[in-house]
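Data block below; observations after.
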Amino acid sequence: MLLDELDFAGLYQQQMQLAGRTTKKPEHWDKRAEAMANDCAPANDGYLTQLLAKIDLRGASTLFDMGCGPGSVCLNIAENLTHVYGVDYSQGMLDVAHRRANAMGLNNVTLLNKSWEDDWQDIPQCDIAVASRSTLVSDLRAALIKLNDKAKLRVYTTHTVSTSFVDVEIQAAIGRKVIELPNYIFAVNILYQMGINPQVDYIKSNNCLDKNNNFEQFSKAIDWSLGGLTDEENNRLFDYYQHKSRIGEALISPSRDWALVYWDKVALSK
């Protein structure tokens, strides 16, 4: 079978459905806003430091940050640009980003409450478009087209390398059927079929589930990542925690790798 005969955009959506992945409501992220500001937004965050070092700002004065969360990318790069736009569908995230922008003394930041599916007509086209750790959407092809259209110069996106946010061993231990999520390979192939030849690089970062000083912390992190645990699953998770602690093995993989998929703006045929 020829590569061009495969519908990677359709396969992506099919895999999302098989995995039972649905878009979390804004309220879900509202509750996480403060924690994410502490964990993901500091300028010295390992993931963020690597990403910002790879974004080429030559000739750029504006940046569009889709799925900006608490302003992790847009606020930490704002001092190098004339204006940045942070966009998120969680008002709680935007409230934290606004507070952080004020604390940083930034007056060149516009924060907008919009989702991937909303109309972006009122958002100005910017030199750089970024989607950092926010690309696990229902329709990836449509999202990539919107990002490309919004950029004048370059687009930067990051995607998971692993096909699961929670270690497969943990899911098996609690009795969950493991169905893989689509990873960065889908983005690369979808872009290829759109006529875009992206570059790919990798970012290593700490696993965000590393808050496991005690079982309560560990259980809370797994519960959040899997969208809720039943009592039986939580009991099995406790047995797993006890076993790993007893033999001195790590509870989770210490790092989580991300793929940086980026390209120069391409004029797509309508």
Side-chain angles (χ1 to χ4, degrees), residues 8-9 40-41 43 45 47-89 94 97 101 104 106-137 139-160 184-203 258-270:
F8 284 103
C40 306
D45 174 72
Y47 165 91
L48 192 56
T49 299
Q50 294 173 72
L51 173 60
L52 295 182
K54 296 175 187 296
I55 296 178
D56 182 0
L57 295 180
R58 289 178 298 173
S61 61
T62 55
L63 178 139
F64 166 66
D65 181 8
M66 183 59 203
C68 68
S72 301
V73 174
C74 61
L75 297 189
N76 284 302
I77 209 169
E79 64 179 10
N80 300 310
L81 298 166
T82 301
H83 206 91
V84 298
Y85 296 83
V87 181
D88 205 287
Y89 77 145
L94 295 176
M104 296 167 71
L106 299 172
N107 56 13
N108 62 337
V109 179
T110 297
L111 300 170
L112 301 169
N113 186 210
K114 289 182 179 292
S115 71
W116 282 98
E117 293 75 25
D118 287 339
D119 189 338
W120 293 359
Q121 290 292 327
D122 58 339
I123 303 175
Q125 193 177 36
C126 296
D127 295 314
I128 306 293
V130 176
S132 170
R133 297 189 287 202
S134 63
T135 55
L136 200 59
V137 294
D139 188 340
L140 183 57
R141 185 177 187 276
L144 295 173
I145 289 173
K146 292 180 80 169
L147 286 172
N148 185 76
D149 287 346
K150 194 53 62 179
K152 294 180 183 178
L153 298 177
R154 292 174 284 277
V155 183
Y156 294 84
T157 66
T158 62
H159 311 256
T160 58
Y184 77 101
I185 293 298
F186 284 84
V188 172
N189 287 327
I190 290 170
L191 287 167
Y192 165 77
Q193 292 186 328
M194 289 166 51
I196 297 174
N197 295 318
Q199 298 185 65
V200 180
D201 205 339
Y202 298 93
I203 296 173
W258 294 84
L260 173 62
V261 180
Y262 60 108
W263 65 95
D264 291 338
K265 163 66 178 274
V266 174
L268 298 174
S269 57
K270 301 296 183 180

Quick one: pull up [atom1] in [X] and [atom2] in [Y] and give me the separation to the nearest 0.5 Å.
{"X": "Thr160", "Y": "Ile185", "atom1": "OG1", "atom2": "CD1", "value": "10.5 Å"}
{"X": "Gln199", "Y": "Trp263", "atom1": "CD", "atom2": "CH2", "value": "12.0 Å"}
{"X": "Trp120", "Y": "Ser115", "atom1": "CH2", "atom2": "OG", "value": "8.5 Å"}
{"X": "Ile145", "Y": "Leu140", "atom1": "CD1", "atom2": "CG", "value": "10.0 Å"}
{"X": "Tyr85", "Y": "Ile123", "atom1": "OH", "atom2": "CD1", "value": "9.5 Å"}
{"X": "Leu94", "Y": "Leu111", "atom1": "CG", "atom2": "CG", "value": "5.5 Å"}

Is the shortest side-chain heavy-atom distance between [X] and [Y] below 4.5 Å?
{"X": "Val84", "Y": "Ile77", "answer": "yes"}
{"X": "Thr158", "Y": "Thr135", "answer": "no"}
{"X": "Arg154", "Y": "Tyr262", "answer": "no"}
{"X": "Phe8", "Y": "Val188", "answer": "no"}
{"X": "Val266", "Y": "Asn148", "answer": "yes"}
{"X": "Tyr192", "Y": "Asn197", "answer": "yes"}
{"X": "Asp122", "Y": "Lys114", "answer": "yes"}

Main-chain N/O of Val155 paired to Lys265 side chain as donor or acceptor, under 3.5 Å:
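No: the side chain of Lys265 does not pair with the backbone of Val155.
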Is it true that, when you exclude Gln125 itself, more than 12 heavy atoms of the residues, nucleotides or ligands shown sit nearer than 6.0 Å to its CD?
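Correct, the count exceeds 12.
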I need the minimum non-hydrogen distance between [X] and [Y], along with the two atoms involved.
{"X": "Asn76", "Y": "Met104", "answer": "OD1-CE, 4.2 Å"}
{"X": "Lys54", "Y": "Leu260", "answer": "CD-CD2, 3.5 Å"}
{"X": "Asp88", "Y": "Asn113", "answer": "O-ND2, 3.0 Å"}
{"X": "Val109", "Y": "Ala78", "answer": "CG2-CB, 4.2 Å"}
{"X": "Lys146", "Y": "Asp118", "answer": "NZ-O, 2.6 Å"}
{"X": "Cys68", "Y": "Gly86", "answer": "SG-C, 3.5 Å"}

Between Asp65 and Leu75, is a side chain to side chain contact (heavy atoms under 4.5 Å, CB included) present by the stated rule, with each step listed?
CA-CA 10 Å; Asp65 181 8; Leu75 297 189; over 6 Å; no
Under the criterion side chain to side chain contact (heavy atoms under 4.5 Å, CB included), I'd like the reasoning laid out for Met66 against Val130: C-alpha separation, chi angles, the key distance, then a yes or no.
CA-CA 6 Å; Met66 183 59 203; Val130 176; over 6 Å; no
Stepwise side chain to side chain contact (heavy atoms under 4.5 Å, CB included) check, Asp56 with Tyr156
CA-CA 9 Å; Asp56 182 0; Tyr156 294 84; 3.2 Å; yes
Can you list the residues that meet the side-chain contact (heavy atoms from CB on, under 4.5 Å) rule with Ala143, with sequence neighbours excluded?
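Ala143 satisfies side-chain contact (heavy atoms from CB on, under 4.5 Å) with Trp116, Val137 once adjacent residues are dropped.
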Hydrogens and angles aside, do Tyr47 and Ser72 bring a side-chain donor and acceptor to less than 3.5 Å of each other?
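No, because no side-chain N or O of Tyr47 sits under 3.5 Å from a partner of the opposite role on Ser72.
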Indicate whether the side chain of Ser61 and that of Asp127 have a donor and an acceptor atom separated by less than 3.5 Å.
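Note: Ser61 and Asp127 side chains meet the donor-acceptor criterion.
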Side chain to side chain donor-acceptor pair (under 3.5 Å) partner of His83, chosen from Asn107, Thr110, Asn108
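Of all the options given, the one that passes is Thr110.
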So Tyr184 and Tyr202, would you call those rings parallel, tilted or perpendicular, with 30° and 60° as cut-offs?
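The arrangement is perpendicular - the two ring planes meet at more than 60°.
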Stepwise side chain to side chain contact (heavy atoms under 4.5 Å, CB included) check, Thr62 with Leu81
CA-CA 6 Å; Thr62 55; Leu81 298 166; over 6 Å; no
